[in-house]
Asker: 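One structure follows; several queries about it will come next.
When reading the values below, keep in mind they use all heavy atoms of this one structure, side chains included, and skip hydrogens, waters and symmetry mates. In what follows, chains are A, B, ... by sequence order, proteins preceding strands, each numbered from 1.
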Number of protein chains: 2
Amino acid sequence: MTDTRDPLVIFTPSGKRGHFPVGTPVLTAARQLGVDLDSVCGGRGICSKCQISPGYGEFPKHGVTVAADALSDWNAVEERYKSKRGMIDGRRLGCQARVMGDVVIDVPPESQVHKQVVRKAATAREIIMDPATRLYYVEVAEPDMHEPSGDLERLSAALKSQWQIDGIEADLTVLKKLQPALRKGGWAVTVALTRGNHDALPRLIDLWSGYDEGGIYGLAIDLGSTTIAAHLCDLRDGRVLASAGVMNPQIRFGEDLMSRVSYAMMNPGGDAEMTAAVRTALNGLAQTIATEGGIDPVRIVETVFVCNPVMHHLLLGIDPVELGQAPFALATSSAMSLWAADLGLNTLNPNARVYVLPLIAGHVGADCAAVALSEEPQKAEDMVLIVDVGTNAELLCGNRDRVLACSSPTGPAFEGAQISSGQRAAPGAIERIEIDPATKEPRFKVIGCDLWSTEPGFAEATAGTGITGICGSGIIEAVAEMRIAGILDPSGLIGSAEQIGSPRLRADGRTHSYVIHDGSASGGPVITVTQNDIRAIQLAKSALYAGARLLMDELHIDKVDRVVLAGAFGAHISPKHAMVLGMIPDVPLEKVISAGNAAGTGARIALCNVGARRQIEQVVREIHKVETAIEPRFQEHFVAANAIPHATAPFPELSKIVTLPDVSYNTAGSEGGRRRRRG
Amino acid sequence: MTDTRDPLVIFTPSGKRGHFPVGTPVLTAARQLGVDLDSVCGGRGICSKCQISPGYGEFPKHGVTVAADALSDWNAVEERYKSKRGMIDGRRLGCQARVMGDVVIDVPPESQVHKQVVRKAATAREIIMDPATRLYYVEVAEPDMHEPSGDLERLSAALKSQWQIDGIEADLTVLKKLQPALRKGGWAVTVALTRGNHDALPRLIDLWSGYDEGGIYGLAIDLGSTTIAAHLCDLRDGRVLASAGVMNPQIRFGEDLMSRVSYAMMNPGGDAEMTAAVRTALNGLAQTIATEGGIDPVRIVETVFVCNPVMHHLLLGIDPVELGQAPFALATSSAMSLWAADLGLNTLNPNARVYVLPLIAGHVGADCAAVALSEEPQKAEDMVLIVDVGTNAELLCGNRDRVLACSSPTGPAFEGAQISSGQRAAPGAIERIEIDPATKEPRFKVIGCDLWSTEPGFAEATAGTGITGICGSGIIEAVAEMRIAGILDPSGLIGSAEQIGSPRLRADGRTHSYVIHDGSASGGPVITVTQNDIRAIQLAKSALYAGARLLMDELHIDKVDRVVLAGAFGAHISPKHAMVLGMIPDVPLEKVISAGNAAGTGARIALCNVGARRQIEQVVREIHKVETAIEPRFQEHFVAANAIPHATAPFPELSKIVTLPDVSYNTAGSEGGRRRRRG
């Protein structure tokens with residue numbers, strides 16, 4: 001049909017081009033060429049989503065010269081829009097500007113439907129906007145007694161003719177609103193349609209009279225055992241309006257996962273109590289985050305959850321008892337598409353859709369799937385180990401050939417729990433520490449203060465919060481530094497004041513403790529690292545390392561090319577100290593990368609891009625799961641990893657550090673026995 | 001693959017045949033040939049649904065001789081089943097009996113999946129069982145830590161391998177029950193799966209441990225303005241376990257449809273009040289009918305509704321206000337597939353599916369669609385007029401070429417409302433009447449007594465109920481008989497005692513009344529037919545006739561071949577009297593057929609056969625709707641139909657009856673003016 005005598009229209013950045021008759025609206029040309037140019041109002045000059053930037057003059061690259069009159073004149077619709085809302089000079093509305101001659105038209109990023117969301121971390125994958133729920137403005141035929149049909153059927157016909165959407169389903173609560181909205185809006189409505197599962201029809205989940213600008217929003221929720229963190233995103237452009245977190249109120253039923261499963265086992269109705277608690281918290285969180293983002297929570301029409309299997313079952317109202325015992329059978333491992341009402345999330349839009357990422361195995365959750373979605377080990381050219389440490393550690397190892405997953409029972413020590421001076425990461429907590437190998441004196445930093453403890457002004461700066469304890473990253477650095485400074489022997493035993501030659505070593509029953517900070521003079525705590533703390537960290541790091549080694553064994557490799565640390569823990573931990581401690585396999589330090597909250601990022605990706613959901617469902621089906629509990633080699637690796645090793649040869653900076661006297665102290669009690677019970 | 005040296009297996013009544021290797025179970029052969037042989041347990045000898053009757057000896061028709069050893073020996077599974085549950089002699093279990101030689105196998109009706117449900121009315125269509133929800137017994141693999149997968153995924157895999165069902169969705173409430181049910185049932189469950197809408201996956205709506213025999217049931221509900229009637233059906237065989245009805249509690253908000261719409265218009269929240277009232281009544285009805293049928297109401301997994309548009313909107317919680325004014329716009333006219341929870345039907349299974357038949361137009365409801373489903377005018381070879389009289393009359397007219405529909409505002413006079421001595425059809429109501437043309441003396445029958453009022457013993461027989469009023473069929477007969485007896489002139493005016501020569505005519509203001517029964521001596525009512533009663537019936541019958549004539553005009557016909565009277569009204573009305581009155585167009589009396597509760601039958605069909613739902617949706621799309629309110633010819637027909645005509649020539653029995661003196665009485669008041677206001 002193309003007539004080369006017609007004007008040539010070239011779109012950038014796509015490079016798509018075609019000939020169109022004089023008078024063709026730019027939006028029409030873009031649609032016919034499949035150019036990614038947004039429109040909510042369908043070309044009626046209302047929404048202004050189709051803004052374009054025409055280029056004029058010579059374009060040798062494209063072989064065209066664009067005359068000043070290549071597009072129709074600036075018109076009244078554009079003038080009204082610009083005077084009312086403002087528009088960048090040089091921009092035109094694609095639905096108003098018509099092709100008059102050869103023209104080069106740039107589609108700015110904000111006018112693209114599938115816009116990319118800018119991510120801070122350069123290494124992370126981009127999010128392409130393609131949410132399950134979208135807004136459509138439609139003009140609906142008025143009822144006609146001669147051709148009786150329902151308002152919904154006429155809306156459906158309008159969606160077909162104006163948006164090529166063939167068939168919809170409607171929720172009763174929306175159907176209820178349809179008649180008044182159509183009449184109030186002069187037979188025009190803005191509808192939110194969500195794509196159906198499988199081959200089901202798109203579903204009408206809300207609507208507003210006329211052309212509505214209130215927008216639609218989504219929540220990406222990382223439901224952790226300890227913390228529930230949420231991002232509120234604009235579903236039109238992926239922008240994060242607000243982020244908020246609350247403690248998981250299930251903590252009162254048990255700090256860690258297994259104690260919650262035990263609570264459910266031992267208390268009839270205990271699972272329902274925990275389900276109710278977390279749902280109440282989620283409703284509160286949705287309200288908080290909506291207020292913070294300045295929106296009405298009924299505008300939240302989509303929610304994505306990532307969580308570990310126990311949190312998953314408790315969220316869905318499924319008794320997690322099977323997850324507390326072999327064979328750790330999940331009720332379901334598939335991704336779930338639900339409605340907010342199914343989960344009692346009544347703060348949100350009554351028809352809000354809920355998507356829960358798939359679980360990988362009984363111990364490897366949707367949070368790990370979300371990490372895979374964000375970090376994409378299945379696409380890696382190099383061999384990557386991804387470590388997501390929460391109360392349990394979840395590990396992914398592999399490359400584009402094959403990806404394995406497992407979880408490792410690290411326990412909560414890495415989060416500062418079950419540590420004598422341990423606390424959560426909060427102002428006043430020691431988060432970084434260095435110990436002088438000569439004097440054995442420490443210096444440290446606390447959360448909320450940028451100064452080291454030895455710098456002037458530190459005491460004043462921390463007077464407000466005090467120095468209250470030591471958090472996860474702090475205890476890891478403390479143990480590693482104690483080893484580097486020779487305070488610990490390779491088996492992890494703390495030397496005495498005499499052996500080490502420092503008054504900071506204090507006797508503590510049959511073992512010794514190292515004093516980091518003594519605040520007792522001013523009524524504050526004495527912050528120490530005890531022998532039990534060392535043992536807790538040794539158990540945790542042995543479990544983590546053993547998990548990684550187990551996956552490496554399965555892959556028949558003895559080293560990885562890259563280690564990605566995910567989670568809040570990963571963002572704060574010092575790679576050097578983690579490696580001294582032997583938490584992770586040896587790699588060059590610059591190959592240890594923090595991915596930040598990768599699970600939360602994965603949740604955001606699934607929220608903003610419906611195709612990513614199908615993709616991660618497929619990836620999860622292909623990930624091979626390794627169950628640590630039944631692998632004898634896990635025990636072997638676990639036992640072997642208990643020592644705090646020398647650094648290996650390829651890393652000069654570590655080699656230097658660990659050229660230590662190989663001191664050995666008397667053991668107190670049978671640590672081996674305790675370890676086996678824990679393992 | 002067929003080897004003709006293998007034994008030949010012939011199934012009757014289907015006639016399907018094929019060669020199968022020695023040792024093939026009969027059920028397997030049946031499945032491979034597509035023979036309709038039921039099985040819930042999948043061939044495990046548990047359910048006994050696959051019973052067959054082998055035939056032995058000579059079968060010249062089929063050209064085979066069946067030896068006594070054509071099937072494998074009676075086995076222990078069959079013996080156990082027969083001794084425990086009983087089995088007709090000669091029957092075998094299709095899953096146990098194996099083919100050993102040529103054999104002829106009859107599949108008895110009760111072993112067919114798509115069994116026919118026996119209907120009483122010979123003219124009515126058969127119901128072929130093919131419900132949306134079915135039971136499947138499955139044996140599920142146990143969880144394996146080496147290949148972790150959810151219980152739901154293993155159930156899904158089992159459904160695929162054992163039942164060729166590829167992919168399911170699950171409700172959360174069922175998912176919650178899955179783990180304990182599987183473990184309790186030794187890794188076997190009976191699941192209820194309902195087919196999805198469009199191309200959506202089948203949905204798991206309930207499940208029970210092991211092989212469950214509790215069954216699944218459905219409700220077919222005819223939700224009328226006055227009465228809610230329900231049938232409880234076994235979804236396995238279509239058997240009606242119980243039928244029950246309750247008054248529609250919305251009556252307290254308005255007797256007829258328009259007064260309920262007015263209530264909604266004039267009272268904020270009035271529609272919600274009416275919605276709540278009907279839903280409460282439905283829950284009560286479900287409980288009652290389940291008790292009566294001896295089942296647990298949670299076994300009710302499907303419900304089908306038929307109702308007029310106003311009842312439809314109020315059931316769904318949609319404000320019916322638009323239905324009270326032109327252009328009578330429906331919120332939706334499409335069939336609806338919902339969940340019981342959407343309608344607050346919490347007596348039923350929490351995942352029970354609800355199907356609401358499509359509406360035809362703003363005044364022509366799903367009840368009319370159900371009549372079309374039951375009576376199938378779109379398949380008729382002859383020209384049929386179907387009249388469903390409730391508070392409004394809905395009419396269908398056409399044949400296999402074309403079907404038209406309209407509703408006609410008859411008002412409630414045909415139900416005995418707005419009649420001076422009128423009452424609902426209940427014991428004590430006069431339902432039949434004859435008036436002697438010579439003496440003008442009446443004789444009548446009342447509901448609850450088989451005797452005519454002139455027969456001995458009538459007074460004693462009716463002493464209990466008394467003679468309390470006159471119901472819809474009674475008033476129609478009374479008016480027709482008054483015309484036949486010359487008490488009415490063709491314009492509908494009642495003569496005086498002097499004019500008629502009977503003391504039963506009494507002055508009543510400026511008009512006269514006819515006394516049918518004077519019970520005042522014993523403190524009972526005087527039952528009369530007043531001039532206003534005659535006018536009310538004339539208006540109603542004119543509206544009904546005008547509707548029929550309007551459809552006939554559109555079809556360019558001046559007579560129909562057959563008239564079907566649907567509804568309780570249709571079942572009780574005398575065709576002769578209806579024709580004397582001019583309610584329906586003239587046809588031979590034997591061509592006036594009562595279809596009973598055709599709307600209720602349509603609901604049952606849609607409940608038992610999911611294909612019928614798609615069929616009626618298609619039929620409704622093709623029915624042409626005629627809106628009486630905007631057709632000037634409706635007014636013309638209405639005015640012209642006001643008289644009570646002579647019978648026309650082709651009907652000798654009526655011609656004889658209506659050879660009447662063409663008396664004419666003075667009119668009292670301007671009836672024409674009143675009629676126009678009503679019309």
Side-chain angles (χ1 to χ4, degrees), chain A residues 142-156 167 169-173 175-180 182-183 196-201 271 313 316-319 321-322 326-334 336-338 341-343 358-364 625-627 629-630, chain B residues 142-156 167 169-173 175-180 182-183 196-201 271 313 316-319 321-322 326-334 336-338 341-343 358-364 625-627 629-630:
Chain A
E142 295 190 35
D144 174 356
M145 273 193 287
H146 293 282
E147 287 298 333
S149 71
D151 285 7
L152 179 65
E153 286 71 25
R154 274 174 281 106
L155 169 63
S156 181
E169 295 192 327
D171 278 285
L172 271 192
T173 50
L175 192 51
K176 216 176 145 90
K177 295 164 73 173
L178 177 61
Q179 294 200 314
L182 278 173
R183 283 151 186 84
N197 293 331
H198 306 285
D199 297 319
L201 293 176
D271 61 318
H313 279 39
L316 300 187
I318 300 168
D319 192 334
V321 61
E322 294 299 330
F328 312 110
L330 293 162
T332 181
S333 57
S334 301
M336 305 280 288
S337 284
L338 304 165
D342 294 334
L343 303 182
L359 303 174
I360 298 176
H363 282 147
V364 190
K625 302 90 193 176
V626 178
E627 177 54 59
I630 52 172
Chain B
E142 294 190 36
D144 174 357
M145 272 193 288
H146 293 281
E147 288 298 334
S149 71
D151 284 7
L152 179 64
E153 287 70 26
R154 275 174 280 105
L155 170 61
S156 182
E169 296 193 326
D171 280 284
L172 272 191
T173 50
L175 192 51
K176 217 177 143 92
K177 295 164 73 173
L178 177 61
Q179 294 200 314
L182 278 173
R183 284 152 185 83
N197 293 332
H198 306 285
D199 297 320
L201 293 176
D271 61 316
H313 279 38
L316 299 187
I318 300 168
D319 191 333
V321 62
E322 294 299 330
F328 312 110
L330 294 162
T332 181
S333 57
S334 302
M336 306 280 289
S337 284
L338 304 166
D342 294 333
L343 303 182
L359 303 175
I360 298 176
H363 283 147
V364 190
K625 302 91 191 175
V626 177
E627 177 53 59
I630 52 171

Asker: Please name the pair of heavy atoms, one in A:Gly317 and one in B:Lys176, separated by the smallest distance, quoted to 0.1 Å.
Answerer: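 Closest approach of A:Gly317 to B:Lys176, heavy atoms only: O-NZ, 2.9 Å.
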
Asker: Is it the side chain or the backbone of A:Leu155 that comes within 4.5 Å of chain B heavy atoms, both, or neither?
Answerer: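 Nothing of A:Leu155, per the 4.5 Å heavy-atom cut-off to chain B.
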
Asker: Against chain B, work out which of A:Glu142, A:Glu322, A:Glu627 has the most heavy-atom pairs shorter than 4.5 Å and name it.
Answerer: A:Glu322

Asker: Checking heavy atoms, do the side chain of B:Leu359, its backbone, both or neither come under 4.5 Å from chain A?
Answerer: neither

Asker: Would you check if the side chain of B:Glu153 reaches a backbone N or O of A:Leu330 as a donor-acceptor pair within less than 3.5 Å?
Answerer: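 No; judged by distance alone, with no hydrogens or angles, the pair does not exist.
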
Asker: Determine the option with the most heavy-atom pairs under 4.5 angstrom with chain A, choosing from B:His313, B:Arg183, B:Lys177.
Answerer: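 Winner by heavy-atom pair count: B:Arg183.
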
Asker: For B:Pro327 and A:Met145, which heavy atoms make the closest approach, and how far apart are they?
Answerer: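 For B:Pro327 and A:Met145, the tightest heavy-atom pair comes out as O-CG, 3.4 Å.
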
Asker: Show the nearest heavy-atom pair for residues B:Ser333 and A:Gly150, with the distance to one decimal.
Answerer: OG-N, 3.5 Å

Asker: Which pair of heavy atoms, one from B:Pro148 and one from A:Lys625, lies closest together, and at what distance?
Answerer: CG-CB, 3.6 Å

Asker: Does a side-chain heavy-atom distance below 4.5 Å link B:Met336 with A:Leu175?
Answerer: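 In contact.
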
Asker: In terms of heavy-atom pairs under 4.5 Å with chain B, which of A:Asp319, A:Val364, A:Leu182, A:Leu338 leads?
Answerer: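 Among A:Asp319, A:Val364, A:Leu182, A:Leu338, the one with the most close pairs to chain B is A:Leu338.
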
Asker: Does A:Glu169 reach the main-chain N or O of B:Ser337 with its side chain, forming a donor-acceptor pair under 3.5 Å?
Answerer: no

Asker: Do A:Ile630 and B:His146 come close enough that some side-chain heavy atom pair is under 4.5 Å?
Answerer: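 Touching, per the 4.5 Å side-chain cut-off.
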
Asker: With a 4.5 angstrom heavy-atom cut-off, could you sort out which part of A:Leu343 is near chain B: side chain, backbone, both or neither?
Answerer: side chain

Asker: Do you know which two heavy atoms are closest between A:Gln179 and B:Ala331, and how far apart they sit?
Answerer: NE2-N, 2.9 Å

Asker: Relative to chain B, which segment of A:Leu172 carries a heavy atom at a distance below 4.5 Å: side chain, backbone, both, or neither?
Answerer: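 Just its side chain gets close to chain B.
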
Asker: At a heavy-atom separation under 4.5 Å, does A:Asp342 approach chain B through its side chain, its backbone, both, or neither?
Answerer: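 Both parts, heavy atoms under 4.5 Å.
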
Asker: Would you indicate whether the side-chain heavy atoms of B:Ile318 and A:Leu178 approach each other to under 4.5 Å?
Answerer: no

